[in-house]
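Right, one structure below, let's go through it.
Source: prediction; values computed, not measured.
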Amino acid sequence: MHKMRSGSILAVLAVAAAAFLAAGVAGAGEGSDASFMGKQAPSFTLTDAHGAKHSLADLEGQKGTVIIWVSTQCPVSNAYNGRMAALAAAYTPKGFNFVGINSNKAEDPAMIASHAKEHGLDFPILKDEGNVVADEYGASVTPEAYVLDPHGVLLYHGRIDDSQKESGITSKDLASALDAIGKPVPKKEARAFGCTIKRVG
């Protein structure tokens, strides 16, 4: 009985330690609901990793704009690199423009450019110095997606899908939202999960 009790305690402690380490490494967190759902998204002008400036108006697509907060170091965001590249490849020809935003204070433009090239992220990835745009949008984790209509109105906000592991996906939330553009989006919010954005201050 004593051995079983000790074993159970050790198992609980091991699980707790693993969860603590995962949270520390990944900076685990969840996004919150967008405050401007159904309204005009905040405008911005940011610089990409090569020094070119992009405004939200410049990035608007014929069907809509997909903004995804990303990170070079977050294991959750990195697990989605292939899926983000595939979504951009599939939906850009359909009239959607994709843009990434990096608001992490320690990830500089050189890191962002190298990371994008390595992982086939061909859409612009902009550096949000001082996390100003992340604060305006209420973005809190990576990856976290926002879908705007051609007029800049927010139609969807949240996760890309429901599983960090591709084998566990049961709900492709971002793709479903993009497929619904032009008619009411069935699910406007799906809580994002990932690493917390490392803000200044």
> Would you call I101 and V70 a side-chain contact if the rule is heavy atoms closer than 4.5 Å?
Replying inline: no
> Under a 4.5 Å cut-off applied to non-hydrogen side-chain atoms, are I160 and L87 in contact?
Replying inline: yes
> Quick one: CZ on F193 to OG1 on T196, what's the gap to the nearest 0.5 Å?
Replying inline: 14.5 Å
> Roughly how far, to the nearest 0.5 Å, is CD of Q164 from CZ of R159?
Replying inline: 13.5 Å
> Listed by chain and number, what are the ring pair (Phe, Tyr, Trp, His ring centres under 6.0 Å) partners of F98, not counting sequence neighbours?
Replying inline: none
> Can the positive tip of K94 be found less than 6.0 Å from the middle of the six-membered ring of F96, inside 45° of the ring normal?
Replying inline: no
> salt bridge (charged side-chain N to carboxylate O under 4.0 Å, His left out) with K187: which of D173, D162, D179?
Replying inline: D173
>> List the residues meeting ring pair (Phe, Tyr, Trp, His ring centres under 6.0 Å) with Y137, not counting sequence neighbours, and say none if there are none.
In response: F36, W69, Y146
>> Are the side chains of M84 and I68 in contact, using a 4.5 Å heavy-atom criterion?
In response: yes
>> When you compare the side chains of S103 and D128, does any donor N or O come within less than 3.5 Å of an acceptor on the partner?
In response: yes
>> Once salt bridge (charged side-chain N to carboxylate O under 4.0 Å, His left out) is applied, do any residues pair with D135, and if so which ones, sequence neighbours excluded?
In response: R199
>> Using every non-hydrogen atom in the two residues, find where Y80 and P143 come nearest and quote the distance to one decimal.
In response: CD1-CG, 3.8 Å
> Do I112 and T72 come close enough that some side-chain heavy atom pair is under 4.5 Å?
Replying inline: yes
> Of the non-hydrogen atoms in I125 and A116, which two are nearest, and what is the gap between them?
Replying inline: CD1-CB, 3.9 Å
>> Among H119, Q73, H115, which residue satisfies the side-chain hydrogen bond (donor to acceptor under 3.5 Å, both in side chains) criterion with N78?
In response: H115
Taking distance alone, no hydrogens or angles, what donor-acceptor pairs closer than 3.5 Å link side-chain atoms of residues 40-51 to residues at least two apart or in another chain?
unit_1: Q40; atom_1: NE2; unit_2: H151; atom_2: O; d: 2.5
unit_1: D48; atom_1: OD1; unit_2: H50; atom_2: N; d: 2.8
unit_1: D48; atom_1: OD1; unit_2: G51; atom_2: N; d: 2.9
unit_1: D48; atom_1: OD1; unit_2: A52; atom_2: N; d: 2.9
unit_1: D48; atom_1: OD2; unit_2: H54; atom_2: NE2; d: 2.8

> Is there a side-chain contact between L178 and V66 (heavy atoms, below 4.5 Å)?
Replying inline: yes
> Without hydrogens or angle criteria, can the side chains of T65 and E60 be said to hold a donor-acceptor pair below 3.5 Å?
Replying inline: no
>> Restricting to salt bridge (charged side-chain N to carboxylate O under 4.0 Å, His left out), what partner residues turn up for K172, sequence neighbours left out?
In response: none
>> Pair L154, V147 - check side-chain contact (heavy atoms from CB on, under 4.5 Å), show working.
In response: CA-CA 6 Å; L154 181 64; V147 177; 5.6 Å; no
> Between P93 and A88, which heavy-atom pair has the shortest distance, and what is it?
Replying inline: CD-O, 4.1 Å
> Taking the side chain as C-beta and beyond, is there a heavy-atom pair between L174 and D161 under 4.5 Å?
Replying inline: no
> Linking I/L/V/M/F/W/Y whenever their side-chain heavy atoms sit closer than 4.5 Å, directly or via other members, would M111 and I197 fall into one cluster?
Replying inline: no
> What pair of heavy atoms forms the shortest contact from S71 to N102, and how long is it?
Replying inline: CA-ND2, 3.9 Å
>> L121 vs N81, test: side-chain contact (heavy atoms from CB on, under 4.5 Å). Steps then yes/no.
In response: CA-CA 7 Å; L121 301 177; N81 287 331; 3.9 Å; yes
>> S140: which residues meet the side-chain contact (heavy atoms from CB on, under 4.5 Å) condition with it, sequence neighbours left out?
In response: E144
> Given side chains that start at C-beta, do those of C195 and P75 come closer than 4.5 Å, heavy atoms only?
Replying inline: yes
> Does the pair I67 and L148 meet the rule for a side-chain contact (heavy atoms from CB on, under 4.5 Å), with working shown?
Replying inline: CA-CA 8 Å; I67 304 171; L148 314 181; 4.0 Å; yes
>> Can you give me the closest heavy-atom contact between E189 and M37, atom names plus distance?
In response: OE2-CE, 3.5 Å
> Does D58 offer a backbone N or O that forms a donor-acceptor pair with the side chain of S55 under 3.5 Å?
Replying inline: yes
> Side-chain contact, heavy-atom cut-off 4.5 Å: T142 with V76?
Replying inline: no
> If you round to the nearest 0.5 Å, how far is NZ of K63 from CG of D149?
Replying inline: 11.5 Å
